[in-house]
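Some notes on the structure that comes next.
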2 protein chains.
Amino acid sequence: MKKLVDEKALQQPHDHQLCMTQTLLSAEKICMDQGARLTAIRRRILELVCSSHKAIGAYELLDLFREEDTKAKPVTIYRALDFLIDVGLVHKIESLNAFIGCLQAEKKHQSVILICDDCKNAYELDAAPVYQSVFEMGKKIQFTPRSLTIELHGLCASCA
Amino acid sequence: MKKLVDEKALQQPHDHQLCMTQTLLSAEKICMDQGARLTAIRRRILELVCSSHKAIGAYELLDLFREEDTKAKPVTIYRALDFLIDVGLVHKIESLNAFIGCLQAEKKHQSVILICDDCKNAYELDAAPVYQSVFEMGKKIQFTPRSLTIELHGLCASCA
DNA sequence: TACATAATGTAATAATATAACATTACATTA
DNA sequence: TAATGTAATGTTATATTATTACATTATGTA
Ligand SMILES: [Zn+2]
Ligand SMILES: [Zn+2]
Ligand SMILES: [Zn+2]
Ligand SMILES: [Zn+2]
């Protein structure tokens, strides 16, 4: 059960500017590699999503984005999010209808998301073995897997 | 990886009336045991949710329910669903904003839901070992688990 | 330049879910 | 059985999340 990043560190005060910088660099690289365009809007939405490790909703993002672009509309945000999700820079948390930035977007990975119901911080852990065992279960009923969502709600160390 | 029910059978034509009958009996028993009231509305919503193995949305339920009670409102449905979810007779599929009936509500169980993106049939498998391994992951970062969602999208045997 | 494609602008609306408060039904027990 | 408290439902309104449709603009390529 290899960890993607040091999640314990994320729960502590840390140099979050570094998280941001690295994510933006990843974004550049990923888009370059895929021939995708990291436009100003998309970059800005990514920055906003990644501005903390808390899950953030589309309309919260809209409010923030509007501080700079007063005429932005919901679809502006959803389009950017769709793009960022497609290229793997953002994950949607289905059980919250909210979004988090991915800290390991450059690597192919399968994640379990741990969501603190108190502070809303979301920690993404690598879950290849878990994924494997769910896929195996599927096989037994001839189910062809496409995408897996694993979300654990609870309380983080700080909030317990 | 014990199976809750014979999911292969669910994918085949089967005596679905039996599914319904058993679910309703479970509902009676569960409510009796918990001192909860299975009112006419709740029972009817449960029947509608369980009328197939396909995930169904709240507003689809509302449309169906309105065929008998023309003045029903969304909140009527959501209240009934909240109740049915609380007592374990219905599960919400977070990634679809839709609902399915539970075929094993009397047993305490932890489930993985396999959702066919084509026919929308949803199969609930028992997943205690998977749950255990996710909980273990959480422990490593002192995360106190509360509830776990595991949803696998793909294609069922019939639709692949 | 001309063209094709991708991205964005803009307006409207769809789809999902909850809040607030009034009323009715039900169970308990005085 | 009447009084009381609680649970369930009725009713209206509104909040929240997300998409459709079509026009316009930007970007890359022939
Ligand atoms: Zn950080
Ligand atoms: Zn990720
Ligand atoms: Zn059936
Ligand atoms: Zn179940």
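Residue numbers begin at 1 in each chain, while the letters A, B, ... track the order of the sequences. Only this structure's heavy atoms are used, side chains among them; waters, hydrogens and symmetry mates stay out. Note that the structure is predicted; figures quoted are calculated from it, not measured.
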- Query: Rounding to a whole Å, what distance do you find between A/Asp86:CG and C/dA7:P?
  - Reply: 11 Å
- Donor-acceptor under 3.5 Å (B/Lys73 side chain, B/Lys71 main chain): yes
- Protein-nucleotide distance (A/Asp63, atom CG; D/dT16, atom C1'), rounded to Å: 12 Å
- Send over the distance from A/Leu62 CG to D/dT19 C1', rounded to a whole Å. 15 Å
- With a 3.5 Å cut-off and just heavy-atom distances, do the side chain of B/Tyr59 and the base of C/dA17 make a donor-acceptor pair? yes
- Can a donor-acceptor pair be found between the side chains of B/Thr149 and B/Glu94 at a distance below 3.5 Å? no
- Assign the ring pair A/His14 / A/His53 to parallel, tilted or perpendicular, where the plane angle (0 to 90°) is split at 30° and 60°. tilted
- Could you summarise the pairing of DNA chain C as dot-bracket text, marking Watson-Crick and G-U pairs under 3.5 Å with ( ) or [ ] inside the strand and | across strands? ||||||||||||||||||||||||||||||
- Note on the structure: Under a 4.0 Å heavy-atom criterion, the protein footprint on nucleotides 7-14 of chain D, written with B, S and -, is -SBBBB--
- Distance, nearest 0.5 Å, that separates SG of B/Cys156 from CG of B/Leu114: 10.0 Å
- Task: Please name all residues satisfying side chain to side chain donor-acceptor pair (under 3.5 Å) with A/Arg146, sequence neighbours left out, ordered by chain then number.
- Result: B/Asp117
- Item | Sidechain-backbone polar pair: A/Tyr131 side chain, A/Val112 backbone, donor-acceptor under 3.5 Å | no
- Message: Enumerate the salt bridge (Lys or Arg N to Asp or Glu O under 4.0 Å) contacts for residues 26-40 of chain A, please, sequence neighbours excluded, ordered by first and then second residue.
- Response: A/Glu28-A/Arg43, A/Lys29-A/Asp33
- A/Tyr78 side chain near D/dA18 phosphate (N/O to OP1/OP2, under 4.0 Å): yes
What pairs of donor and acceptor atoms, side-chain ones from residues 19-27 of chain B against any protein atom, are under 3.5 angstrom apart with sequence neighbours left out?
from: B/Thr21; atom 1: OG1; to: B/Gln17; atom 2: O; distance (Å): 2.8
from: B/Thr23; atom 1: OG1; to: B/Cys19; atom 2: O; distance (Å): 2.8
from: B/Ser26; atom 1: OG; to: B/Gln22; atom 2: O; distance (Å): 3.3
from: B/Ser26; atom 1: OG; to: B/Glu106; atom 2: OE2; distance (Å): 2.7

- Rounded to the Å, how far apart are A/Leu61 CG and D/dT17 P? 11 Å
- Quick one: A/Ile56 CD1 to D/dA18 P, roughly how many Å, whole number? 13 Å
- Round to a whole Å and report the spacing from CG of A/Leu38 to C1' of D/dA26. 16 Å
- Task: Apply side-chain contact (heavy atoms from CB on, under 4.5 Å) to B/Ala98 and list each qualifying residue two or more places apart in sequence or on a separate chain.
- Result: B/Ala55, B/Leu96
- Query: Does OP1 or OP2 of D/dT16 have a side-chain N or O of A/Asn97 closer than 4.0 Å?
  - Reply: no
- Interatomic distance, B/Ile93 CD1 vs C/dA17 P [rounded to whole Å]: 12 Å
- Query: D/dT20 C1' sits how many Å from A/Ile77 CD1, rounded?
  - Reply: 18 Å
